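Before any comments, here is the structure.
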Amino acid sequence: MGNFFSSMFDRLWGVNKELRILILGLDGAGKTTILYRLQIGEVVTTKPTIGFNVETLSYKNLKLNVWDLGGQTSIRPYWRCYYTDTAAVIFVVDSTDKDRMATASKELHVMLQEEELQDAALLVFANKQDQPGALSATEVSKELNLVELKDRSWSIVASSAIRGEGITEGLDWLIDVIKEEQLAA
Amino acid sequence: MNQSLATLIRIKLFQGNSGSAQGSDTPNTDKEKQSDKKPRNWLKAKRSGHKEVSRSSSDSDLLNASTNGSQDLVDDNTAEDPIKSSHEDAEEQEQRKEIPEGNGVETMAKGKACSDACLEQTTSDNSVRKQNSPSALSADGSRSPRKQGKLRTFREKMSIPDLHFRSTSANLRLDRQSYERSKKSESVPPNGQVKSARVYSILPSSMSPKRLSAEYSYKSPAQLPKYSFENASNDTSMLSRTSSNTSLLSSTRFSPRKTNIVNGSSTSSSVRFIEPVVNMSNGNLSNGTKTKGKFNSVSNGHTYQHSKTNSVEVKNATGKSLLLGRRRSRTVDVSDYTRTSSSQWQQSASTNSDFISSITIHLKKSRSNSLLTKSPLATPLDKASYQNPDEKGSVNSVRLSESTTSSTMPGASMTQPTIPSMSRRSSSLVNALNSFVNLRSSSASSVKGSSSKAVTPKFDLKLEDFPSPPEPEIDETHANFLRRLTPYGKFIAVILCQKSNAFKDECLRFYLSNFFDFSGEPLDISLRKILMFLELPQETQQIDKLLTEFAHCYYQTHLKDEEYCPWKDENQVYFIVFSLLMLHTDYFNLNNRSKMTKNEFIQLVHEDQLSGGCDIPKDILLYYYDNIISKESPKFDFSCYQELLSSEEADEQNSLTTEKSSADFYSPVAIIKATSSNVCHDCTPSSFAITGRTSSNSFSSYFPQIPASTSSSNTSLVQDDIDIYAQILDDSLKGLNMSSEVERLWNGVSLTNRLIADDNKYEKYFTILNETKGGYLKIHKNQIGKIALSNFETLNKTDNDYALLKIVHMGEIQKLTVNKKFSIVGSVNKILWKKEYAILTPCCLLLFENADWVDPSLVRDENSGTSNYIIDYKANGSILFTPPLACNGLLAISKISEAAKANTEKLDIDVDPCANLDVLPRDQESKVNNTDDYILHLYASQKKFIWKCSSVYERDNWIDSINLVAAYDGCYYNPKSLENVIISHRKHDAKLKLEKLANTRAEKSERLLAFQHSLPLYKQAIPISYKTKNDLASQIRQLAVKLEWLVHEIERSQLYYEIIQQVVSQFGPFVNQNLKDQGKESESDLKSIKGSFIFNDELLNASLNQDRS
């Protein structure tokens, strides 16, 4: 029975379904590296397009469409059309960059106030754990005031994009949450 | 032994030239004379071969060109001029001295001999010779000059291969020259330096460019037929972007004659004549391979063993690709050099096998491509080479062609030692075949087109391939830091955006503002330009930084340049350019499946209030959208350009001791300047005629998802896209923009016209308006509904069942009408003047078909004691317009500005796009002009009339009366009148009306100004596709209509204002005591005024639609 159901769900989440995920964070946090980490195992067949990073990857039968968005505040309204239908937000923090933790926190909270992102799950990567002096995931979550977030499933995962640690764990959680939420909806 | 023989064959391509090009090392005039005869035979053979070619290839130009080329070739090599040959010998001696390593000279000579041997071997039955050539090889290997004499005996028979090598060598020399240059200027790590130095030393000829030019200049005057040859090689040098100063000079010197000799298409002929040459060597090579099957594998093994020969091998292949690249590209080859060297460096540093194999794939591809491309020509050549030396002359041509085609594969594989699998090879062959077909089909491919193809790299260079970039030093100037970054070429921006700090930001700004020229360019093209020359950083924030700085520079440039800067501030530029890049990503990134539509894009940008995105006209956004999606931004590599440029500049500095140049930098401005000027240099007029574009084989092969457009053609005439990158390189963007279109339709504002003059009779007509006495149109109450007057009030209302309309002016006029007749042949517009009868009343202008019903009767009114003419309106008096033209907003003028006149025509064209566009307006205009004095133009809301009056006097009366009535429409005055007189509703008094008119005028002027500010956006626009251009042109046309109306509204407000002022000064203001509550009403009144003006988007659209239908 369990098999039956899961296969049914698989069908529900079939190939056609593509989830949009935004990957955000301050510069140098390691977004690009994480993005390429996620790509591992994928055969990159296409030439990179000049412009911003957009990657598609399938993970556990889900097709994820990951957008690396950013830029000045004035651009933000422009992102709105990409915010809609966004299933999740991945926020990458440089755990060693204590100085800019406040900035990152501000960015994150401002962004999450966008109406279109109210339903999006939030996954925070406390990145660069491989480097000395990196804050732990708990510390980062404190710095980012994640506890303040209401009505949102969020998780913070310590990661090292260089070593590839923590990425899959984080993504597993994200997929679970997305599946749950989409089922509930 | 076989091994080394194979090596030898490969080496001979380079070394062969030293011997063959300059004759033998010991001058032997007898031998030269002997060789005289053979080429002539050969020439015949070749010509007969051409006949065969002509059957298969329809391109007769090609045939001519190659015949030409071969002839020159022969002339060149027969060495009829003893002076020349001796000169060559002397040069040969000199050259020897210059070569640093003694063995280089020997190798050269031996290589020559050996190559002869090889050729001999390939052309004759090889069993005997085979033993000779290994010995030659051993001679080469041991560097003993012993066997030289013996080997040279082969030479006697071998003048023809010499001949081929001669011409090859000319090119190879150039190759080498550029190769050296790139070596010199390239700053690869020490490892690479050593390696490349070794490669260099192996190459026998170390000709300096000066010598080359000296040789040219000496030879060329001596032998006229040779011009084309020499020039051709110069052209090749251009094509291959050798761009040495000297060759530039020589080419300029030759150019006048070149045009005559080289069939008017020097580039193509130069290109063609090389074909047989390469082929020859290829053919020999591959024949050798074919006859002796082991060669192939042996050579592979050899290249693996000897790094030295390996590098020669690569060189060999690149040399070829240069030759074959003549059409496909002029830079791929040169970039190959850089790549080759970098690959060598890589090989030594960290063996990135993928990278190397990608290179070899490329080389191989190009090589096999070349073989295929030339195979039709190869046949006769092979034949020649077979027939002449052996004098058998009975070789089956079919067999020969077989051998050529079959030789393709081994030939290719020889240059492909590192190719791992067969499948890849075959795919590359397919590619080659494809491009061969492309090349053949688009034989008219232009020079400029080829230049753009040239810059398409076949593989990506990554920043990781470079050593890690330097960090700025303390107190370093921007320029200095940038200079240190020069080796990184297009990665400068990436480096400057990484780990950015204030200094790097400043450097980026400095760089963008000093080494890019964005003036006069539309934003999207400038974006393309910057993406063309600079690698975009990967991280979004870094991209953002680059775009921010770019926006700054772009804005500053345009702020300085233009009278009206279309951009509000740099943030607006930034926002738009960001949107454009986003659109580019959205559209071309395969990972994004839901593409933004045109409307979504416009909506997104227009939603933005913060950065002024909403201020960008929709037309322009449409144009941006179309242009961005028309072509994906490809990756380019200009590192080779840069190196060549800097070496060129260095030469210049040496010779002319010019001031310090900018060549130390990776400067797109300099690159564009150089490329555009070179195009000028090596272009004959005929090649100028083709404002070319890229044909399908460059971009489409690179971006298969983009549908390939059709092959090259004239941009402006044929439905084709502009090859924007070639245009950028040619620096010829400005000729492509829409400014002429804009200027044709709209040549500035003509608001200076003084609309009011002293002789206007406004007072007279105001008196008519005001006095009781006069003419009246009597309308029965039932008929009032039929006439459908709007917005009127009745004075002295009684219960009578009629109403009176005061007649201000009446008379017969002729109205210009256009009768459209549609027939099978095409619609014909007939223009005629139609008689009509017009009656102007205080609230409307009535037009009647005729005046037959008009029967005025004098009626005395008891109340006022006046006698008045009353015209009884009968039902049979046919009114042309119901409702009649309301006076509000009427404007009559005698002469319209030229622009407005032009727009009148445009309007008419819009009405009927099928009409003969050329004939109609001119026809109409001439008619209008003939009777210009009596013409008045009447603007009503949404309509425009052209009236012809019987006299000037009559016309002026009409103008003044209409304008006065229109000005006083809705304005309070207190006319004396009969009973039941209908006048237009008096909503406000003169003072308020004046105020409103002033407001309207200011408002419209502002709007006009806004349009004028956005005009540069239209002017600069360079639509890439034909369709976009058409769309934009029609939008410009609409805009011109809008602008025209706007101007008229401003004029009208001004005119009304002045009329009212004049009248008020004469008669005093009429203050309406009943209208105390004007303040309350004013808002709605204002609205009604606005509504009355045509410039209101809804109305305009309605009118446009109406016109169309």
Side-chain angles (χ1 to χ4, degrees), chain A residues 15-36 38-39 42 44-58 63-85 92 94 97 100 103-104 107, chain B residues 460 497-500 527-528 530-532 534-545 547-548 551 571-572 574-576 578-594 596 600-601 603-605 607-613 628 632-636 702-705:
Chain A
V15 202
N16 299 330
K17 187 79 184 174
E18 197 172 89
L19 294 168
R20 181 175 283 169
I21 289 177
L22 303 185
I23 186 159
L24 297 139
L26 299 184
D27 53 307
K31 291 190 298 288
T32 321
T33 328
I34 285 187
L35 206 55
Y36 288 126
L38 294 174
Q39 278 277 14
E42 301 266 317
V44 183
T45 48
T46 54
K47 281 202 169 288
T49 309
I50 290 182
F52 303 100
N53 289 320
V54 187
E55 305 290 342
T56 343
L57 46 132
S58 29
K63 267 209 170 164
L64 304 180
N65 191 207
V66 188
W67 283 75
D68 180 3
L69 301 186
Q72 291 183 9
T73 350
S74 61
I75 282 305
R76 206 153 270 150
Y78 197 85
W79 296 131
R80 289 224 175 89
C81 82
Y82 293 97
Y83 284 163
T84 42
D85 302 332
V92 186
D94 180 356
D97 193 357
R100 290 203 298 167
T103 322
E107 288 258 323
Chain B
D460 275 340
C497 289
Q498 269 172 3
K499 294 174 208 148
S500 67
L527 176 65
R528 273 186 197 277
I530 203 167
L531 293 179
M532 180 177 182
L534 293 177
E535 180 91 359
L536 198 66
Q538 288 216 310
E539 223 181 315
T540 311
Q541 274 91 352
Q542 293 173 9
I543 296 174
D544 192 64
K545 181 148 287 159
L547 292 185
T548 309
N571 193 40
Q572 191 188 26
Y574 162 77
F575 178 81
I576 300 297
F578 198 98
S579 310
L580 294 183
L581 190 61
M582 195 64 215
L583 172 67
H584 185 267
T585 312
D586 186 278
Y587 192 84
F588 289 107
N589 200 313
L590 295 180
N591 289 322
N592 178 40
R593 284 186 184 76
S594 56
M596 216 189 306
E600 280 168 354
F601 174 72
Q603 202 189 334
L604 259 177
V605 177
E607 262 175 18
D608 174 76
Q609 306 284 335
L610 201 68
S611 315
I628 289 290
E632 180 172 358
S633 251
K635 291 196 177 183
F636 288 89
Y702 192 55
F703 298 111
Q705 71 269 28

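Note that the coordinates shown come from a computational prediction; the quantities given were computed from them, not determined experimentally. Per chain, numbering begins at 1; letters A, B, ... match sequence-line order.
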Exercise for the section: Find the distance between CG (A:Leu24) and CD (B:Gln541) and round it off to the nearest 0.5 Å. Expected result: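 If I round to the nearest 0.5 Å, the distance is 8.5 Å.
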Problem - Interatomic distance, B:Thr540 atom OG1 to A:Trp67 atom CH2 [nearest 0.5 angstrom] - result: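 Here the rounded value is 10.5 Å.
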Measuring heavy-atom distances to chain A, does [X] have an atom under 4.5 Å in its side chain, in its backbone, in both, or in neither?
{"X": "B:Phe601", "value": "side chain"}
{"X": "B:Leu581", "value": "both"}
{"X": "B:Met582", "value": "both"}

Problem - Any B:Leu536 side-chain heavy atom under 4.5 Å of A:Phe52 side chain - result: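 Not in contact.
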